[in-house]
Protein chains: 2
Amino acid sequence: MDKDTKQRIIEAAQILFWEKGYHATGVAEIQKRAEVHSGSFYHFFKSKEELLEAVLEFYLQLLYPVVMAPSFEKYDDPIERIFGVLAGYRTQLIETNFTLGCPIGKLASEVEKEQVRARQLINANFEGWKKHIADCFEEANIRIGVAHNSMNLANLTLTVMEGSLLQVLAEQSIAPFDNAMIPFREYIEMLYKP
Amino acid sequence: MDKDTKQRIIEAAQILFWEKGYHATGVAEIQKRAEVHSGSFYHFFKSKEELLEAVLEFYLQLLYPVVMAPSFEKYDDPIERIFGVLAGYRTQLIETNFTLGCPIGKLASEVEKEQVRARQLINANFEGWKKHIADCFEEANIRIGVAHNSMNLANLTLTVMEGSLLQVLAEQSIAPFDNAMIPFREYIEMLYKP
DNA sequence: GTCTATATTGGGATAGAC
DNA sequence: GTCTATCCCAATATAGAC
């Protein structure tokens with residue numbers, strides 16, 4: 001059975017915003033991809049911005065099952081889980097020939113201060129991401145019997161991920177990601193295997 | 001004496017692209033800010049994209065004198081020079097109430113694959129930035145008598161800077177920057193003071 | 001809820017006099 | 001090199017029948 005119309009629009013917008021960005025994607029293009037006409041579109045969303053908010057809410061739903069779960073199910077070790085999540089972004093970049101990085105990061109750089117709700121949702125996505133990663137660091141603390149600030153480490157992890165993805169997309173090469181991972185991993189291992 | 005028209009256009013575009021981004025800035029807005037009419041604008045630039053390229057070339061000129069020099073002149077120690085450059089971004093964020101981050105990073109996230117020349121110029125800016133920072137790491141190697149991969153460390157530095165700025169602008173708080181700096185600095189000091 | 005047709009604005013860009 | 005006026009199209013959004 002077909003997904004309902006509203007969800008088809010959200011998913012069409014999601015992929016287009018991810019590929020090209022919010023401003024560069026036209027409503028007409030979203031309608032075409034979703035196979036929906038203008039009347040239906042504006043029946044569900046009163047504006048493009050409202051659709052953006054729906055997309056960001058959808059990302060919030062996808063965060064655990066799509067971003068975290070594959071790595072969390074593959075690995076038991078909490079540190080491996082973290083690097084597994086990062087490896088997921090790496091794979092995505094390679095498989096899409098350096099087209100798809102982090103969709104939240106992309107939108108974060110385009111959303112303006114006035115778009116209050118969209119900003120809140122971007123922050124909720126970042127916070128959720130960091131929370132899942134911080135939980136891993138926390139578990140590593142417990143297992144290994146040390147005490148590092150797990151939320152700060154999660155913050156650094158997101159920082160390294162976003163910063164290297166920006167360069168990967170600019171350079172169209174995986175090198176900045178791999179080159180950042182080496183010292184980042186070295187640092188984390190130093191903390192947990194002193 | 002007034003700056004010439006072409007330069008006034010470039011500088012108007014530079015600040016607007018920095019504040020709002022490339023897509024969100026209209027040519028009419030640039031003309032107004034530069035106090036130039038449409039005829040003059042298109043006398044100098046055949047398109048908005050060509051102007052973007054001129055702005056990126058201008059950034060290449062500003063890289064050393066504006067971004068690097070203030071810190072390089074303030075500090076003699078190469079590692080302090082690096083953190084001084086990073087502190088410059090921090091100051092800019094605070095003083096502009098979290099409006100102005102890294103202009104190249106902002107443009108990097110908006111420019112599409114097809115904008116070949118603009119992409120090259122973005123990469124040239126990133127490469128130049130990393131080269132200056134790598135030179136500092138290299139000098140630290142020599143002074144301290146160790147051997148770390150200075151270009152990889154410069155890559156990590158840019159990564160941490162860009163990744164944390166993205167979060168700072170999203171959250172409208174300096175915390176992600178400061179929280180990333182702590183472990184980053186700890187890592188660098190560990191390399192050079194083992 | 002969906003369709004076609006259309007309103008309306010603003011975008012980038014051009015024409016041609018001066 | 002600069003001015004005013006304007007073109008052209010794409011953009012978001014709406015109207016109203018079905």
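Each chain gets a letter, A, B and so on, in the order its sequence line appears, and its residues count up from 1. Values below: all heavy atoms of this structure, side chains included; hydrogens, waters and symmetry mates excluded.
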Name all pairs fulfilling the side-chain hydrogen bond (donor to acceptor under 3.5 Å, both in side chains) condition that reach into residues 29-41 of chain B, sequence neighbours left out, sorted by first residue then second.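 Passing the test, one end in residues 29-41 of chain B: B:K20-B:E29.
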Where at least one partner belongs to residues 92-104 of chain B, residue pairs that pass side-chain hydrogen bond (donor to acceptor under 3.5 Å, both in side chains), sequence neighbours excluded: A:K113-B:T99
For DNA chain C, what residues of residues 107-116 of chain A have any heavy atom nearer than 4.0 Å? none
Residue list, salt bridge (charged side-chain N to carboxylate O under 4.0 Å, His left out) with B:R90, at least two apart or on another chain: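 In terms of salt bridge (charged side-chain N to carboxylate O under 4.0 Å, His left out), with neighbours along the sequence ignored, B:R90 is linked to B:D178.
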All salt bridge (charged side-chain N to carboxylate O under 4.0 Å, His left out) counterparts of B:E80, not counting sequence neighbours: B:R185
With each end axis built from five pairs of C1' atoms, what bend angle do you get for the helix from C:dG1-D:dC18 to C:dC18-D:dG1? Round to 10°.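 Comparing the axis at each end, I get an angle of 10°.
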Ring pair (Phe, Tyr, Trp, His ring centres under 6.0 Å) partners for [X], two or more places apart:
X      : value
B:H148 : B:Y192
B:F17  : B:Y22
A:F83  : A:F184
B:Y59  : none

Will you find, in the side chains of A:Q167 and B:T159, an N or O donor that is under 3.5 Å from an N or O acceptor? yes
Which pairs, with at least one residue in residues 122-143 of chain B and sequence neighbours excluded, count as a salt bridge (charged side-chain N to carboxylate O under 4.0 Å, His left out)?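 Checked against salt bridge (charged side-chain N to carboxylate O under 4.0 Å, His left out) - neighbours excluded - the pairs reaching residues 122-143 of chain B are A:E171-B:K130, B:D76-B:R143, B:E127-B:K130, B:K131-B:D135, B:E139-B:R143.
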Given protein heavy atoms under 4.0 Å, the one-letter contact record of nucleotides 2-18 of chain C, with B base, S sugar-phosphate only and - none, is simply BBBB------SBB----
